[in-house]
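Report on the following structure.
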Amino acid sequence: QAAGDELDIILQIDQAHPSAQELKRKVNEAMRAQTLLASAEELYGEKRYREAVALVAQSLDIYPLTAAQQLSAKLKAEQDAGEALTRAQSLAQEGRFRDARQELQMARDKNPNHPRLAEAQQAIKDMEEQYIVRVRRPIEEAVRKRNYREAMRASQAAVHTVGLPDWVAD
C-alpha cells in the first residue's frame, strides 16, 4: 500500500512517467492478488476447498505470490487426499480391501489431518470386518464337513481379497 501511495505522488508530478505507471500497475496487481489470497486462506480455514482453489488460481493468474503458491500446494494435497479417500471407499465396497488400504495410506501421506480420513478408515474397517464374517462362515462350514479342498480354495480367495492372513488361523 505504501509503495502505491509513493507511486501516486510520482504520477501526480509526472503523469507520463513510464516506469512509475508500470510499477503502479504491478503494485495494484499484487494488492489484488493478495486480497484474493486472503479470501482463499479464509475459505481454506472453513474447509471450502473448491472455492479456495478458484481464488488461488485467480490470484496466481494476476501475480505469482509465494504464499499463493504455497496455499495452492496445500489445496492440491487436500484435493488429492480427498480423491484417494473416495477411491478407497469405492474399492472397499467392491471388496478390494488391500487396494483400499493402499489408497487410505496415500490419503494419509498427502494429508494426515484430512477431515474425512478417520471416517473413511472406520467405514473401510467395518466393511472389511463384515466381509470377513461373511466369508468365514462358508470356510468353517467346509472344514466342519471335512471338505478341506473347498475350505482351502475359499480361504485363499479371501486372503487374496482381504490381504490379512491373521484371521484365518482360528
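As the structure is a computational prediction, the values presented were derived from the model and not from experiment.
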Kindly indicate whether the side chain of Glu119, heavy atoms from C-beta on, has any atom under 4.5 Å from the side chain of Leu85.
no
Locate the shortest heavy-atom distance separating Ala52 from Ala40; write the atom from each residue and the value.
CB-O, 3.5 Å
Could you check if a side-chain atom of Leu117 sits within less than 4.5 angstrom of a side-chain atom of Leu104, using non-hydrogen atoms only?
yes
Between the side chains of Gln105 and Asp109, does any donor sit under 3.5 Å from an acceptor?
yes
Salt bridge (charged side-chain N to carboxylate O under 4.0 Å, His left out) assessment of Glu141 paired with Arg144:
CA-CA 5 Å; Glu141 183 65 20; Arg144 192 181 59 71; 2.3 Å; yes
Consider only side-chain heavy atoms of I, L, V, M, F, W and Y, link residues closer than 4.5 Å, and tell whether Leu91 and Met127 are in one cluster.
no
Test log, rule side-chain contact (heavy atoms from CB on, under 4.5 Å), inputs Glu128 and Arg101
CA-CA 10 Å; Glu128 190 170 8; Arg101 282 193 303 279; 2.7 Å; yes
Any chance you could measure Gln89, atom CD, to Arg116, atom CZ, to the nearest 0.5 Å?
6.0 Å
Distance col, row Phe97:CZ vs Glu129:CD, nearest 0.5 angstrom, shows 10.0 Å
Closest approach of Ala100 to Ala92 (non-hydrogen atoms, all atoms of both residues)
CB-N, 3.9 Å
Counting N and O atoms only, with roles assigned by atom type, does the side chain of Ser155 sit under 3.5 Å from a partner on the main chain of Ala151, one being a donor and the other an acceptor?
yes
Side chain proximity check, His114 to Arg108, heavy atoms < 4.5 angstrom:
no
With the side chain counted from C-beta on, respond yes when Arg153 and Arg149 share a heavy-atom pair under 4.5 Å apart, and no when they do not.
no
Same cluster (ILVMFWY, side-chain, under 4.5 Å), Met106 and Leu75:
no
From Glu83 atom CD to Glu103 atom CD, the distance as rounded to the nearest 0.5 Å
10.0 Å
So, taking the atom named CG in Asn147 and the one named CE in Met152, what distance separates them when rounded to the nearest 0.5 Å?
12.0 Å
Correct closest heavy-atom pair for Ser59 and Ala33 would be OG-O, 3.0 Å
Is there any ring-ring contact (aromatic ring centres under 6.0 Å, His included) pair reaching into residues 72-93, and which pairs are they, with sequence neighbours excluded?
none
So CD of Gln122 and CD1 of Ile124: to nearest 0.5 Å the spacing works out to 10.5 Å
Quick note, ring-ring contact (aromatic ring centres under 6.0 Å, His included) partners involving residues 138-159, not counting sequence neighbours, are none
Reported CG-to-NZ distance for the pair Asp80 and Lys110, which is rounded to 0.5 angstrom
4.5 Å
Listed once per pair and sorted, the side-chain hydrogen bond (donor to acceptor under 3.5 Å, both in side chains) pairs that draw on residues 39-48, sequence neighbours left out:
Glu46-Arg48, Arg48-Glu51
